[in-house]
S.K.: 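The structure that follows is given in the form of structure tokens.
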Amino acid sequence: MFNSRTKIKALLSSEQTGQEVTVMGWVRSFRNNQFIALNDGSTNNNIQVVAELGLLDDATLKRITPGASLKVVGQLIESLGKGQKVEVKAKNIEILGDCDPEKYPLQLKNRPTLEYLREKAHLRFRTNTFGAVFRVRHSLAFAVHKFFNDKGFVYLHTPIITSSDAEGAGEMFRVTTLPFDKTPRKEDGTVDFAEDFFGKSTNLTVSGQLEGELGAMAFSDIYTFGPTFRAENSNTTRHLAEFWMIEPEMAFYDIEDNMNLAEEFIKYIIKHAIEHNADDIAFLAQRLADEEKQLPQDKRSEFGLVEKLEFVLNNPFERITYTEAVDILLQSPAYKKKKFEYDVSWGIDLQSEHERYLVEKHFKKPVIVTGYPKAIKAFYMRQNDDGKTVAAMDILAPGIGEIVGGSQREERLEKLEERMREMHIPVEDLDWYLDTRRFGAVPHAGFGLGFERMVLFVTGMTNIRDVIAFARTPNNCEF
RNA sequence: GGAUAGAUAGCUCAACGGCAGAGCAAUGCCCUGUUAAGGCAUAGGUUGAAAGUUCGAAUCUUUCUUUAUCCGCCA
């Protein structure tokens with residue numbers, strides 16, 4: 001009968017005292033041989049359990065150590081001490097699981113670094129910071145489904161294993177059951193994938209978009225929310241080899257509708273997290289402020305985390321074209337003083353330093369850039385009438401960079417095929433995709449949002465490896 | 001993949017060519033309404049690895065391993 005317990009979050013907000021309660025959790029600290037700070041992950045706040053002198057024998061007292069798990073039965077009373085409103089006056093304390101203090105790697109008074117905790121990722125959920133991060137992550141994920149569900153979108157599960165390597169979204173992880181030491185070969189010496197599990201070469205998905213478009217051509221509006229894999233050797237604070245991406249795809253949408261939806265969506269999930277995880281976000285804001293005190297004045301953020309999120313909610317995103325962005329950069333003091341490492345001219349792919357200038361220095365808010373040169377964008381993006389640009393949109397966020405990449409899709413069969421040939425995309429391999437342009441094609445659009453980048457933005461964390469439970473990055477696949 | 005900066009006690013750091021130290025954690029004892037509880041004491045090290053320079057190396061050089069940050073690729 002473990003479910004007769006009350007969660008600590010509920011106990012702490014209890015209007016009533018005097019009743020007997022059962023509480024279970026892990027010891028955060030044990031002060032004065034009497035006061036146990038107990039946490040069960042329902043909130044960052046601990047309940048104080050009071051074990052009056054004489055209640056427990058010496059052998060049991062020694063086993064109440066940080067990390068140990070307890071079952072406590074006692075009376076919820078108004079606290080006799082100052083630091084908390086209520087506390088549990090214990091009648092009985094049962095140790096469910098011991099925790100050897102000599103071996104337990106989390107001694108929280110030691111202020112372990114985020115890098116250290118990354119190596120102890122299996123235990124770091126028990127810290128205040130990661131407790132808050134992962135409750136906020138949950139809240140954002142829940143809000144994603146609520147947002148789309150409320151709008152009548154169908155949640156489509158696109159495949160994880162794919163046979164198309166034509167999407168061009170990045171390096172792929174191969175999926176195979178062929179033996180490495182004696183791979184079957186064809187007469188010309190190349191690997192014979194006809195012998196492989198699926199009878200052809202297969203990989204982990206880099207995007208569910210193409211399959212998503214098929215769904216949109218029937219349900220009107222779909223979204224995917226699942227894991228995505230990129231085998232790029234990227235070593236940055238904003239790339240993972242395995243990450244979660246949200247990809248809505250909407251029929252009867254143009255690029256303008258697409259932008260409106262993306263902006264509404266981002267604001268909705270942030271608002272949801274603020275409303276449901278105020279404590280956690282306040283804790284993360286304080287953590288960020290404390291961390292920034294170590295930095296020199298000019299490197300500190302202008303706003304606190306909460307102010308930053310409120311600002312994003314209360315102001316429209318800036319919308320500019322790629323051409324305007326290039327003009328702003330060319331006119332900028334940074335450009336004139338030759339502060340940019342990479343040169344600026346119409347046609348370049350905007351570098352991180354350029355995006356950061358636009359977002360963090362010039363506009364100081366999220367920016368949606370549209371109308372990129374077609375040469376630097378994917379084959380499926382709709383060509384504009386100018387013959388030079390496509391109906392692409394990227395949303396750039398302060399501190400994160402590109403958080404959304406999307407476009408209106410090219411629904412005109414001839415234009416699409418022509419572009420595919422120009423970019424050496426094998427048209428025959430994507431025949432199933434082209435069918436959507438043959439049988440009742442409609443204008444449609446969609447975008448991809450990197451979920452972990454969103455979590456970074458809302459939590460104020462700075463390394464993407466700290467907002468996913470078990471990060472997969474080059475040379476690292478622990479747990 | 002490229003560049004830069006790191007690796008010293010369980011954790012966070014100091015020592016910058018001359019005996020390797022502090023705070024916290026741990027262990028033992030004391031105190032008992034504490035709030036990262038407090039007090040006294042104890043223990044804890046092949047300074048990431050290997051080679052070299054030197055009378056002497058944590059400190060200087062080389063190679064390797066590994067971590068972080070930035071850039072590229074992108075979400």
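Computed over heavy atoms, backbone and side chain alike; hydrogens, waters and symmetry mates excluded. All chains are named by letter (A, B, ...) in the order of the sequence lines, taking the proteins before the strands, and each is independently numbered beginning at 1.
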S.K.: Given A68(B), A26(B), A75(B), identify the nucleotide with an atom nearest to the side chain of Ile464(A).
M.R.: A75(B)

S.K.: To the nearest angstrom, how far is Arg230(A) atom CZ from G1(B) atom P?
M.R.: 19 Å

S.K.: Is there a side-chain polar atom (N or O) of Asn235(A) under 4.0 Å from OP1 or OP2 of A68(B)?
M.R.: no

S.K.: Taking Arg63(A) first and then Asp100(A), would you say they form a salt bridge - that is, a charged N and a carboxylate O separated by under 4.0 Å?
M.R.: no

S.K.: May I ask you to verify if any side-chain N or O of Thr113(A) is less than 4.0 angstrom from the OP1 or OP2 atom of C11(B)?
M.R.: no

S.K.: I need the residues from residues 77-86 of chain A with at least one non-hydrogen atom less than 4.0 Å from RNA chain B; give them sorted by number, or say none.
M.R.: Ser79(A), Leu80(A), Gly81(A), Lys82(A), Gly83(A), Gln84(A)

S.K.: Taking 4.0 Å as the cut-off, does a side-chain nitrogen or oxygen of Ser207(A) come that near to OP1 or OP2 on A75(B)?
M.R.: no

S.K.: Counting only heavy atoms and a strict 4.0 angstrom limit, can you tell me which residues of residues 117-140 of chain A come near RNA chain B?
M.R.: Arg118(A)

S.K.: Indicate, with yes or no, if the rings of Phe147(A) and His145(A) have centres closer together than 6.0 Å.
M.R.: no

S.K.: Take the protein atom OH of Tyr342(A) and the nucleotide atom P of G2(B), then report the distance between them rounded to whole Å.
M.R.: 14 Å

S.K.: Identify whether any heavy atom of Thr236(A) sits under 4.0 Å from a base atom; if not, whether one sits that close to sugar-phosphate; answer base, sugar-phosphate or nothing.
M.R.: base

S.K.: With sugar-phosphate meaning primed atoms plus P, OP1 and OP2, does Glu87(A) contact a base, only sugar-phosphate, or nothing at under 4.0 Å between heavy atoms?
M.R.: base

S.K.: Measure distances between side-chain N and O atoms of Arg453(A) and base N and O atoms of C74(B), and say whether any donor-acceptor pair falls under 3.5 Å.
M.R.: yes

S.K.: Base of A25(B), side chain of Asn110(A) - is there a donor-acceptor contact under 3.5 Å?
M.R.: no

S.K.: So for Ser234(A) and C74(B), does any side-chain atom that can act as donor or acceptor lie under 3.5 Å from a complementary atom in the base?
M.R.: no

S.K.: Side chains of Asn476(A) and Arg465(A) only: does a donor on one sit below 3.5 Å from an acceptor on the other?
M.R.: no

S.K.: Taking the six-membered ring for Trp, does Phe451(A) stack with A75(B) (centroid gap under 5.5 Å, planes within less than 30°)?
M.R.: no

S.K.: Strictly below 4.0 Å: does Lys109(A) bring a side-chain N or O up to OP1 or OP2 of A25(B)?
M.R.: yes

S.K.: Determine, using ring centers only, whether Phe125(A) and Phe130(A) are less than 6.0 Å apart.
M.R.: no

S.K.: Is the distance between the ring centroids of Phe148(A) and Phe265(A) under 6.0 Å?
M.R.: yes

S.K.: Find the partner of G28(B): check Watson-Crick (N1-N3 plus N6-O4 or O6-N4) and G-U wobble (N1-O2, O6-N3) distances, both under 3.5 Å, and reply none if neither fits.
M.R.: C40(B)

S.K.: Taking CG from Leu106(A) and C1' from A26(B), how many angstroms apart are they, rounded to a whole number?
M.R.: 15 Å

S.K.: Can you find an N or O donor on one side and an acceptor on the other, under 3.5 Å apart, linking the side chain of Glu353(A) with the base of G72(B)?
M.R.: no

S.K.: Respond yes when some side-chain nitrogen or oxygen of Arg31(A) is under 4.0 Å from OP1 or OP2 of A37(B), and no when none is.
M.R.: yes

S.K.: Less than 4.0 angstrom between a side-chain N/O of Gln351(A) and OP1 or OP2 of C71(B), yes or no?
M.R.: no

S.K.: Considering every strand shown, what is the Watson-Crick or G-U wobble mate of U34(B) when both distances are under 3.5 Å?
M.R.: none

S.K.: Using only side-chain N and O atoms of Arg28(A), determine if any of them is under 4.0 Å from OP1 or OP2 of U35(B).
M.R.: no

S.K.: Within 45° of the axis and under 6.0 Å from the centre of the six-membered ring of Phe379(A), does NZ or CZ of Lys374(A) qualify?
M.R.: no

S.K.: Salt bridge or not for Asp290(A) and Lys293(A), using N-O below 4.0 Å?
M.R.: yes

S.K.: Indicate whether OP1 or OP2 belonging to C11(B) is found under 4.0 Å from a side-chain N or O atom of Lys103(A).
M.R.: no

S.K.: Step through it carefully: locate the ring centre of Phe451(A), locate the ring centre of Phe243(A), and say whether they are under 6.0 Å apart.
M.R.: no

S.K.: For the residue pair Phe470(A) and Phe479(A), categorise the inter-ring angle as parallel (less than 30°), tilted (30 to 60°) or perpendicular (more than 60°).
M.R.: tilted

S.K.: Between the side chains of Glu263(A) and Arg319(A), is the shortest nitrogen-to-carboxylate-oxygen separation below 4.0 Å, so that they form an ion pair?
M.R.: yes

S.K.: Only one of Arg137(A), Arg238(A), Arg472(A) passes salt bridge (Lys or Arg N to Asp or Glu O under 4.0 Å) with Glu452(A); say which it is.
M.R.: Arg137(A)

S.K.: Determine which nucleotide pairs with A15(B), using a 3.5 Å limit on both distances of a Watson-Crick or G-U wobble pair.
M.R.: none

